[in-house]
Number of protein chains: 2
Amino acid sequence: MVEYTPLDHTLSALADPTRRAILGRLAGGETRVTEVAEPFEMSLNAVSKHIRVLERAGLVRRRVHGREHLLALDLAPLETASRWMEEQRALWAWRLAELDKILKEKKP
Amino acid sequence: MVEYTPLDHTLSALADPTRRAILGRLAGGETRVTEVAEPFEMSLNAVSKHIRVLERAGLVRRRVHGREHLLALDLAPLETASRWMEEQRALWAWRLAELDKILKEKKP
DNA sequence: CCATCATTCATCCGTATGGTTGAATATACC
DNA sequence: GGTATATTCAACCATACGGATGAATGATGG
């Protein structure tokens, strides 16, 4: 996809179970790339790519310390996305309810 | 992506501005495919494909009425995703806060 | 009946994604 | 200095995505 907004990046980054698992792991604190990759079946390189996607979405920050790259969770984009989602859900639910009300008034 | 869970479908369906706009439109009530497609620059066929993605995610229901297909918004998957997102955000924020607390106790 | 309208199906194209493997780079350690 | 370690880069592959266009299907309406 040609992605435009931060929301696009956040949602498409989250739409993958491997990446969500990586985030869960990082909630346990700063972790090296190899250590992050350890529990997954796929190659280290594949995990490295997933990490890059998470960085692009701003969900992960990288701190290079010698030859090790330490990864940390950044919740800011998740907060934004979560707020967006709940707002839309509520707004749309309200609109649908309004429509329903009007329909029931017309056919009582 | 090889998608597995409903959450995967929901999030990747939402990670596209055109599809989010379609949902917004459907919040105004049942709408025919052509009518949904009208405000977009792209072809009707392209919009039709987006609609199929939204259906696969369960966000849109289709009711065929003669030659017209009426599309309706279904908020259930959005509720699930919204709940998931807020739960994870809160959980991960709490874990990070706990880690921070421990670090500050060790270096006072 | 026949033309029109609503929609999908089929095909094609360019690009992105998720994965692999092998090489390159850079730091750490003895 | 030389070897092992951590990580990325580069190339490749299969498949999916987002879009276009043209044909097919199916219902409507005069």
Side-chain angles (χ1 to χ4, degrees), chain A residues 1-26 29-72, chain B residues 1-26 29-72:
Chain A
M1 195 201 330
V2 182
E3 288 162 340
Y4 305 100
T5 72
L7 188 59
D8 295 345
H9 283 100
T10 307
L11 292 177
S12 78
L14 289 172
D16 181 291
T18 304
R19 288 197 286 264
R20 292 196 298 271
I22 292 174
L23 294 181
R25 195 132 219 266
L26 292 182
E30 266 192 338
T31 317
R32 286 181 309 119
V33 171
T34 314
E35 206 172 338
V36 167
E38 189 263 323
F40 297 100
E41 295 276 293
M42 69 193 73
S43 73
L44 172 64
N45 273 3
V47 174
S48 177
K49 277 192 183 182
H50 279 300
I51 291 169
R52 209 179 338 168
V53 172
L54 290 168
E55 279 187 286
R56 193 181 40 160
L59 287 160
V60 161
R61 285 187 330 266
R62 181 190 303 255
R63 187 165 66 90
V64 179
H65 187 67
R67 64 180 165 180
E68 299 180 341
H69 294 206
L70 297 177
L71 306 171
Chain B
M1 192 200 328
V2 184
E3 289 161 342
Y4 305 99
T5 73
L7 188 58
D8 296 345
H9 283 100
T10 307
L11 292 177
S12 77
L14 289 172
D16 180 290
T18 302
R19 288 195 288 263
R20 292 195 299 271
I22 291 175
L23 295 181
R25 194 131 218 267
L26 293 182
E30 265 193 339
T31 316
R32 286 181 309 120
V33 172
T34 314
E35 206 173 340
V36 166
E38 188 263 322
F40 297 101
E41 295 276 292
M42 69 194 72
S43 74
L44 173 65
N45 272 4
V47 174
S48 176
K49 274 193 185 180
H50 280 300
I51 292 169
R52 208 176 341 166
V53 172
L54 290 168
E55 278 188 287
R56 193 180 40 162
L59 287 159
V60 162
R61 286 186 331 264
R62 179 190 305 254
R63 186 165 68 90
V64 179
H65 187 67
R67 64 182 165 182
E68 299 180 342
H69 293 207
L70 296 177
L71 306 172

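Proteins come first, then strands; the chains are lettered A, B, ... in the order of their sequence lines, and each starts at number 1. Nothing here was measured: the structure is a model prediction, and the numbers come from that model.
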| field | Nearest to side-chain heavy atoms of A/Ser48, which nucleotide of D/dG18, D/dA11, D/dT8 | value | D/dT8
| message | Holding to side chain to side chain contact (heavy atoms under 4.5 Å, CB included), I want the full list of residues that pass it with B/Val47, two or more places apart in sequence or in another chain. | response | B/Ile22, B/Val36, B/Ala37, B/Phe40, B/Met42, B/Ile51
| request: Starting at atom CD1 of A/Ile51, determine the distance to atom C1' of C/dT17, rounded to an integer number of angstrom. | output: 17 Å
| field | Gap between atoms NE2 and P, on A/His9 and C/dA16 respectively (whole Å) | value | 11 Å
| Non-neighbouring partners of A/Arg25 that pass side chain to side chain donor-acceptor pair (under 3.5 Å), sequence neighbours left out | none
| query | Between D/dC17 atom P and B/Asp16 atom CG, what is the distance in whole Å? | reply | 11 Å
| request: To the nearest 0.5 angstrom, please state how far the CZ atom of A/Arg19 sits from the CG atom of B/Asp8. | output: 9.5 Å
| task | Would you name the heavy atoms of A/Leu59 and A/Ala13 that are closest together and state the gap between them? | result | CD1-CB, 4.1 Å
| field | N/O (side chain, A/His69) to phosphate O (OP1/OP2, D/dA6) under 4.0 Å | value | no
| request: List for me each residue that meets salt bridge (Lys or Arg N to Asp or Glu O under 4.0 Å) alongside A/Arg52, sequence neighbours excluded, and say none if there are none. | output: none
| query | In whole Å, what is the span from the CZ atom of A/Arg20 to the P atom of C/dG18? | reply | 12 Å
| query | Of the non-hydrogen atoms in B/Thr31 and B/Glu35, which two are nearest, and what is the gap between them? | reply | CG2-CB, 3.5 Å
| message | Consider side chain to side chain contact (heavy atoms under 4.5 Å, CB included). Of A/Thr10, A/Asp16, A/Leu14, which one does B/Leu11 pass it with? | response | A/Leu14
| Which residues pass the side chain to side chain contact (heavy atoms under 4.5 Å, CB included) test with B/Ala72, sequence neighbours left out? | B/Glu30, B/Arg61
| note | With sequence neighbours left out, the residues meeting side chain to side chain donor-acceptor pair (under 3.5 Å) with A/Glu55 are A/Arg62
| request: Return the residues of residues 32-46 of chain B meeting this criterion: a heavy atom under 4.0 Å from some atom of DNA chain C. Order them by number, or give none. | output: B/Arg32, B/Val33, B/Thr34, B/Leu44, B/Asn45
| Is there a side-chain polar atom (N or O) of B/Arg52 under 4.0 Å from OP1 or OP2 of D/dA16? | no
| remark: A correct 5'-to-3' footprint of nucleotides 24-30 of chain D, with B, S and - meaning base, sugar-phosphate only and no protein heavy atom under 4.0 Å, is --BBS--
| field | Nucleotide D/dA16, atom C1' - distance to NE2 of B/His50 in whole Å | value | 14 Å
| query | Start at the 5' end of DNA chain C and walk down; is the nucleotide closest to A/Thr18 or to A/Glu68 reached first? | reply | A/Thr18
